Amino acid sequence: MPGGIYECTVCGHREVLDSNEPVIENSCPVCGGDMILVGFRVEPRETEEVSGKEDTEAETVAPVLPLAVEEKLRAFYVLEPAGVEENVFVFEVREILETDFERVLAELEELGYWAALKRRGEKVLLYVFPAGEIKEDNRWLPWMFLIATIFTTFLAGYWLSLSYIALLNEYNLPGIRNPYINALAFSISVMGILGTHELGHKIAAAYHGVRATMPYFIPFPSMLGTMGAVIRVKSPLPTRNAAIDLGVSGPIAGFLVAVPVSIIGLKLSVPLPIDAIQPTEGRITFGENLLFLLIEKYFLRLPEDVVVFLHPVAIAGWVGILVTFLNLIPAAQLDGGHIARAFLSERAHRYMTSVIGLVLIGMSFLWVGWLIWGVLVLLMGAMGNPGALDEVSPISKKRILLAVIAVLLFVLSATPAPISATG
């Protein structure tokens, strides 16, 4: 198999690899961007005698952009050829006739090509290259993970319910003492919040023509029964507006479900005066966030000298708020990272990711989990965030407003010390 010549879509690094896959994701050794196949290494032919000379030079054929693709490009831009590097065609853009880059990308993809619009100094360059292959999803795996996560969250809800019922019995308080009802309510609440979060991403991706997998729920036998849910984006983000939409859609959707779940759960919870609480070793304390404090003070009107023992549904709402906070951290390829990358260059975003990762590690004295998150952010940051294909078109005012909303959600859901336990 001839070695494939690959070029990074982000930094332009090029090297020969023993592969012929159209796209090798996150494999650039310089910036962690996607490497696209732009040609093949041509091995020298075996030497033969021709007119007394040895022909040791390899035959090369200059790539040619299909006429239909070139005509399509010139309907969208006033272009001047700036070079050809294997299968990557570079044009200097003199004038942009079509400002909707998503339309440009969609029509080029029908012809088997993708494009990237980048600013290089004072110039605007258009890179045109063969579209990568989009592999089909596994149809059954998401459903298997969904069923497994329903089971693990039900078990987690049952365990949390036993602790809640024990508290009711300890203080002779009224409440729902059926552990199966409480467990089912917890599972439905958690799955609803996480599912809505990922559905928000999926809808935004479909709106912008971005290929994405179905949501994958992650079952995990723990106190919460899950490690969340994810979807995988399988094609590049077309514009910075699209990057912001995909970044904010999940947190906003999940937050809108987490708020009523939190209110219902807090109404089912047990507030007790601090003086009436008996010290108990090993009791788990869930960290406060601003949203819970506002609900307790202005909606439930609880006095300040009480401790609230959370019903499992309230814990589900708390989990949803924490998920919103964690996803909106403006680093790496988290939701907040995609939003930040829309406003920052690749280098600035990489620096910010490194700083945030170190800050999270430093916060491990508040919660040991920050140590894991800090290391995870640094590892994800090493892969980089390639950003949108079009980094020239301006960000719309609506997307700037969405970014401001994301910042507000980040503040409301911030939980510096998520979980602690009494010794």
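Here the structure is a predicted model, which is why all the values come from computation and not from measurement. The figures that follow rest on heavy atoms only: side chains count, while hydrogens, waters and symmetry mates do not.
- For CE of Met223, the number of neighbouring non-hydrogen atoms (other residues, nucleotides, ligands) closer than 6.0 Å is greater than 12.
- Judged by distance alone, with hydrogens and angles left aside, the side-chain atoms of Ser249 form a donor-acceptor pair with the main-chain N or O of Gly200 at under 3.5 Å.
- At a threshold of 4.5 Å between non-hydrogen side-chain atoms, the residues Trp318 and Ile419 count as touching.
- Residues Phe89 and Tyr127 are not in side-chain contact: their nearest non-hydrogen atoms beyond the backbone lie 4.5 Å or more apart.
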Could you go step by step and tell me if Tyr164 and Phe309 meet the ring pair (Phe, Tyr, Trp, His ring centres under 6.0 Å) rule?
CA-CA 8 Å; Tyr164 172 75; Phe309 290 90; 9.4 Å; no
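- In terms of heavy-atom proximity, His349 sits nearest to Gly337 at NE2-O, 3.1 Å.
- Using a 4.5 Å heavy-atom cutoff, the side chains of Leu302 and Val308 are in contact.
- Residue Arg120 places its CZ atom among more than 12 non-hydrogen atoms of other residues, nucleotides or ligands, all under 6.0 Å distant.
- For Thr353 (side chain) and Ala332 (main-chain N/O), a donor-acceptor pair under 3.5 Å exists by modelled atom type.
- Side-chain atoms of Thr415 never come within 3.5 Å of backbone atoms of Pro418 as a donor-acceptor pair (strictly under, hydrogens ignored).
- Judged purely by atom type and a 3.5 angstrom limit, His201 uses its side chain to pair as donor or acceptor with the backbone of Leu246.
- Remark: of the listed residues Thr153, Thr226, Thr152, Thr153 is the sole one forming a side-chain hydrogen bond (donor to acceptor under 3.5 Å, both in side chains) with Ser187.
- Formation of a donor-acceptor pair under 3.5 Å by the His197 side chain with backbone atoms of Gly250 is found in this model.
- Residues Glu198 and Lys202 are not paired through a salt bridge, judged by the lack of any N-O separation under 4.0 Å between the basic side chain and the carboxylate.
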Might you work through the side chain to side chain contact (heavy atoms under 4.5 Å, CB included) test for Phe76 and Arg103, ending with a clear yes or no?
CA-CA 10 Å; Phe76 297 140; Arg103 179 193 170 193; 4.0 Å; yes
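- Of the possible donor and acceptor atoms, one in the side chain of Thr213 sits under 3.5 Å from a partner among the backbone N and O of Arg232.
- Residues Tyr77 and Phe91 place their aromatic rings such that the two centres sit no closer than 6.0 Å.
- If you take CG on Asn289 and CG on Leu294, they are separated by 9.0 Å, rounding to the nearest 0.5 Å.
- No donor-acceptor distance shorter than 3.5 angstrom exists from the side chain of Ser364 to the backbone of Leu360, with no hydrogens or angles considered.
- Between Val259 and Leu291 the shortest side-chain heavy-atom distance falls below 4.5 Å.
- Here the closest non-hydrogen pair linking Leu389 and Ala115 is CD1-O, 3.4 Å.
- A salt bridge links Glu391 with Arg341: at least one charged nitrogen is closer than 4.0 Å to a carboxylate oxygen.
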Check against side chain to side chain contact (heavy atoms under 4.5 Å, CB included), Ile252 and Ile405
CA-CA 9 Å; Ile252 288 178; Ile405 292 174; 4.1 Å; yes
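- Atom CD1 of Ile400 and atom OG of Ser396 lie 7.0 Å apart (nearest 0.5 Å).
- Taking the six-membered ring for Trp, Trp367 and Trp370 have ring centres closer than 6.0 Å.
- To the nearest 0.5 Å, atoms CG (Leu409) and CG (Leu402) are separated by 10.0 Å.
- At distances below 3.5 Å, not a single donor-acceptor pair connects side-chain atoms of Ser235 with backbone N or O atoms of Val233.
- Between Ala314 and Ser269 the shortest heavy-atom distance is CB-OG, 3.5 Å.
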Do Asn385 and Arg350 pass the side-chain hydrogen bond (donor to acceptor under 3.5 Å, both in side chains) test, and can you show the C-alpha distance, the side-chain angles, and the key distance before you say yes or no?
CA-CA 8 Å; Asn385 187 321; Arg350 187 182 292 273; over 6 Å; no
Given Arg240 and Asp390, is the salt bridge (charged side-chain N to carboxylate O under 4.0 Å, His left out) satisfied, shown in steps?
CA-CA 7 Å; Arg240 294 189 291 172; Asp390 175 10; over 6 Å; no
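- In this structure, Leu73 and Leu108 have side chains that are in contact, with non-hydrogen atoms separated by less than 4.5 Å.
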Walk me through it: do Leu334 and Met380 pass the test side chain to side chain contact (heavy atoms under 4.5 Å, CB included)?
CA-CA 9 Å; Leu334 297 170; Met380 290 191 297; 4.0 Å; yes
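- Under 3.5 Å, the side chains of Asn169 and Arg177 contain a donor-acceptor pair of N or O atoms.
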Step-by-step side chain to side chain contact (heavy atoms under 4.5 Å, CB included) determination, Ile96 to Phe101:
CA-CA 10 Å; Ile96 297 176; Phe101 185 79; over 6 Å; no
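- With salt bridges taken as basic N to acidic carboxylate O contacts below 4.0 Å, one links Asp137 and Lys234.
- Without hydrogens or angle criteria, Gln333 side chain to Gly384 main chain gives a donor-acceptor distance under 3.5 Å.
- Of the inter-residue distances, the one linking Ile134 atom CD1 with Glu109 atom CD reads 7.0 Å to the nearest 0.5 angstrom.
- A donor atom on one side chain and an acceptor atom on the other are not found under 3.5 Å apart for His208 and Asn241.
- Here the shortest heavy-atom pairing between Pro330 and Met352 reads O-CE, 3.0 Å.
- A heavy-atom distance below 4.5 Å is found between the side chains of Leu117 and Val93.
- A distance of 4.0 Å separates CZ of Arg399 from CG of Asp245, quoted to the nearest 0.5 Å.
- Atom CD1 of Ile372 sits in a sparse spot, with 12 or fewer heavy atoms from other residues, nucleotides or ligands closer than 6.0 Å.
- Between Tyr180 and Tyr158, the ring center distance clears the sub-6.0 Å criterion.
- Note that CD1 of Ile193 is 12.0 Å distant from CD1 of Ile188, once rounded to the nearest 0.5 Å.
- Contact check for Ser413 versus Leu322: no side-chain heavy atoms found under the 4.5 Å cut-off.
- For Ser262 (side chain) and Ala258 (main-chain N/O), a donor-acceptor pair under 3.5 Å exists by modelled atom type.
- Between Glu92 and Val124 the shortest side-chain heavy-atom distance does not fall below 4.5 Å.
- Shortest non-hydrogen contact noted between Gly228 and Leu194 is CA-CD1, 3.9 Å.
- The heavy-atom pair separating Ala342 from Ile244 by the smallest distance is CB-CG1, 3.7 Å.
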